[in-house]
Protein chains: 2
Amino acid sequence: MEAPDTKTRILDAAESLFATRGVEASSLREITASAGVNLAAVNYHFGSKDDLVLAAFRRRIGPVNRERLERLDALEVAANGRAIALEELVEAFLAPSMRFLSPDRRLHARLLGRVHHEAQDELQTKLTHEFEQVVHRFVGALSRALPRLGPAELLLRGHFMVGAMIYTLTHLDKLETVAPVPLHIAADQVLPQMIAFVAAGLRAPVPDRTEVGR
Amino acid sequence: MEAPDTKTRILDAAESLFATRGVEASSLREITASAGVNLAAVNYHFGSKDDLVLAAFRRRIGPVNRERLERLDALEVAANGRAIALEELVEAFLAPSMRFLSPDRRLHARLLGRVHHEAQDELQTKLTHEFEQVVHRFVGALSRALPRLGPAELLLRGHFMVGAMIYTLTHLDKLETVAPVPLHIAADQVLPQMIAFVAAGLRAPVPDRTEVGR
DNA sequence: GTCTATAACTTGATAGAC
DNA sequence: GTCTATCAAGTTATAGAC
């Protein structure tokens with residue numbers, strides 16, 4: 001279980017730096033120095049910095065989205081045409097990424113959260129494509145579980161869910177810093193709290209539109 | 001209403017580039033070219049790039065947090081010792097930043113959302129300080145409105161609220177792109193939907209801890 | 001596959017004339 | 001206050017020896 005190959009060492013070092021400092025702020029020199037490999041190895045193994053960035057993100061996104069779809073498949077098979085409980089859907093979506101909140105995988109969490117903020121131009125396009133199927137399948141499943149919501153309301157609330165998830169992936173450790181009271185939040189408490197929060201939010205009655213017309 | 005001074009033109013150009021491309025990816029040359037001013041003007045008026053970044057962020061954060069505190073003050077005076085409705089508290093927190101979702105101020109929204117993702121080191125420290133009072137006051141008010149939640153649950157759920165807010169500030173325009181159905185989301189529909197979602201999420205019963213022990 | 005050396009370029013910052 | 005010119009240091013990328 002020791003001595004990973006050069007390609008993996010570069011990916012690990014890049015992930016760590018991208019996650020903590022950001023992609024733009026991480027130079028190939030820092031990455032290769034941290035990985036203990038030669039500067040030229042990046043271009044040999046990946047082609048360019050952009051391709052390294054893409055590979056680093058894809059390494060984490062792929063398994064998470066695959067598990068989301070597997071869980072959704074399993075739920076739909078088990079439901080056998082009947083309705084799926086909202087909490088189950090939400091858990092199928094959230095749990096695969098929330099696993100990264102365990103202390104030894106916080107870097108993966110931060111990287112995953114940064115996907116949506118750091119990517120630009122074609123990188124953005126390529127990464128967005130990785131989420132297409134997940135978005136399509138879960139939007140469909142959620143709209144069946146929440147037939148009272150119109151399409152705009154549903155998408156907006158799904159958006160809130162994603163926002164809560166991403167911010168938790170990137171900033172959960174900071175929560176303990178910012179807290180007025182010293183406090184420890186157990187990693188395995190986060191997912192159930194988040195499922196409860198999001199499911200209740202998704203189910204909330206549609207607000208009266210004339211009420212907030214200011 | 002024409003010809004702002006050099007300092008303002010730099011801030012406007014910097015805001016636009018920081019919001020769209022990010023801080024690290026925006027060079028002083030791009031900023032000054034876009035502002036139509038000389039490269040050396042940045043160092044003359046702001047001292048350094050870091051100080052420009054700080055000024056650009058502070059210009060948007062200040063008024064938003066001031067309004068949050070004013071609204072909370074007003075609610076507490078009106079309540080006169082009695083309980084404040086949860087929806088009112090949530091609106092006092094969210095409304096000041098959500099105002100930036102109007103079409104002509106999307107850049108301000110994106111910049112505000114980036115505060116929490118781009119800042120590093122001392123910049124991070126300085127900007128975090130800008131939020132201290134808001135966090136302290138709203139945590140107090142929310143815990144009085146939600147006496148059933150323990151401190152860890154409350155902070156975690158407040159964290160989810162902040163995540164939903166930030167992601168909406170930065171990515172609302174992308175929601176319309178990603179939507180499986182073509183769709184238009186009116187900017188003034190977002191705030192009431194978000195208040196309903198967040199208030200319901202905050203009020204959700206605390207989940208049974210043994211249930212999700214996997 | 002790994003290394004050194006270097007090319008070609010961009011970056012933030014400043015000295016000094018106007 | 002605004003400009004030009006320039007510096008020193010950093011960047012990605014690559015050619016070519018081993």
Side-chain angles (χ1 to χ4, degrees), chain A residues 2-59 111 114 118-127, chain B residues 2-59 111 114 118-127:
Chain A
E2 257 307 306
D5 63 351
T6 300
K7 207 167 167 174
T8 306
R9 300 179 66 182
I10 293 174
L11 279 173
D12 289 343
E15 171 163 56
S16 171
L17 282 162
F18 292 164
T20 54
R21 261 192 269 275
V23 170
E24 284 280 344
S26 306
S27 71
L28 296 183
R29 281 175 164 77
E30 285 179 293
I31 294 167
T32 51
S34 158
V37 305
N38 189 271
L39 170 62
V42 169
N43 281 296
Y44 178 81
H45 287 283
F46 294 93
S48 69
K49 181 180 176 179
D50 276 358
D51 290 325
L52 168 61
V53 175
L54 191 60
F57 279 128
R58 281 202 168 132
R59 184 167 68 142
L111 189 80
R114 278 195 191 258
E118 301 262 337
Q120 294 289 322
D121 308 326
E122 24 169 13
L123 182 65
Q124 178 68 269
T125 312
K126 285 174 185 168
L127 289 178
Chain B
E2 259 306 307
D5 62 353
T6 299
K7 207 166 167 175
T8 307
R9 299 179 66 181
I10 294 174
L11 280 173
D12 290 343
E15 171 163 56
S16 170
L17 282 163
F18 292 164
T20 53
R21 261 193 270 274
V23 170
E24 284 281 343
S26 306
S27 71
L28 295 183
R29 282 174 169 77
E30 284 179 293
I31 293 167
T32 50
S34 158
V37 305
N38 189 272
L39 169 63
V42 168
N43 280 295
Y44 178 81
H45 286 283
F46 295 93
S48 71
K49 181 180 177 178
D50 276 357
D51 290 327
L52 169 61
V53 174
L54 191 60
F57 278 128
R58 282 203 168 131
R59 184 166 69 142
L111 189 80
R114 279 195 190 257
E118 302 262 338
Q120 295 290 322
D121 308 324
E122 23 167 14
L123 183 64
Q124 178 68 269
T125 312
K126 285 176 184 168
L127 289 177

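Just so we're on the same page: letters track the sequence lines, and every chain starts at 1. Side chains included, hydrogens not; waters and symmetry mates left out as well; all remaining heavy atoms used.
- Between the C1' atom of D:dT11 and the CG atom of A:Leu52 lies a distance of 15 Å, rounded to the nearest Å.
- Dashed line: the shortest gap from a side-chain N or O of B:Ser48 to OP1 or OP2 of C:dG12 is not under 4.0 Å.
- Taking the side chain of B:Leu28 as heavy atoms from C-beta on, and the options C:dA15, C:dT2, C:dA13, the nearest nucleotide is C:dA13.
- Checked for salt-bridge contact, B:Arg21 and A:Asp121 miss the test: no charged N lies under 4.0 Å from a carboxylate O.
- Summarising the geometry, the separation between CZ on A:Arg21 and C1' on D:dG10 is reported as 15 Å, rounded to the nearest angstrom.
- Across the protein-nucleic acid pair, B:Glu24 atom CD and C:dT10 atom C1' stand 14 Å apart, rounded to whole Å.
- Summarising the geometry, atom CG belonging to A:Leu111 is positioned 11.0 Å from atom CG belonging to A:Leu17; distances are rounded to the nearest 0.5 Å.
- Heavy-atom nearest nucleotides on DNA chain D were determined for A:Tyr44 and for A:Glu30, and the one closer to the 5' end corresponds to A:Glu30.
- With rounding to the nearest 0.5 angstrom, the CG atom of B:Leu52 is 11.0 Å from the CD atom of B:Glu15.
- D:dT11 atom P lies 14 Å from atom CG of A:Asn43, rounded to whole Å.
- A close approach under 4.0 Å does occur between a side-chain nitrogen or oxygen of B:Asn38 and OP1 or OP2 of D:dT4.
- Annotation: of the two residues near DNA chain C, A:His45 and A:Leu39, the 5′-most nearest-nucleotide partner is A:His45.
- For the pair B:Ser27 and C:dT10, the criterion of a side-chain N or O lying under 4.0 Å from OP1 or OP2 is not met.
- Summarising the geometry, atom CD belonging to B:Glu30 is positioned 12.0 Å from atom CG belonging to B:Leu39; distances are rounded to the nearest 0.5 Å.
- The pair B:Asp12-B:Arg59 counts as a salt bridge, with a side-chain nitrogen and a carboxylate oxygen less than 4.0 angstrom apart.
- No engagement by B:Ala41 is indicated, since no non-hydrogen atom pair under 4.0 Å with the nucleic acid exists.
- Dashed line: the shortest gap from a side-chain N or O of A:Thr6 to OP1 or OP2 of C:dT2 is under 4.0 Å.
- Straight-line distance from the CG atom of A:Asp51 to the C1' atom of D:dA13: 13 Å, rounded to whole Å.
- Atom CZ of B:Arg29 and atom P of D:dG10 are 16 Å apart (whole Å).
- Between A:Ala40 and B:Val37, it is B:Val37 whose nearest contact on DNA chain D lies nearer the 5' terminus.
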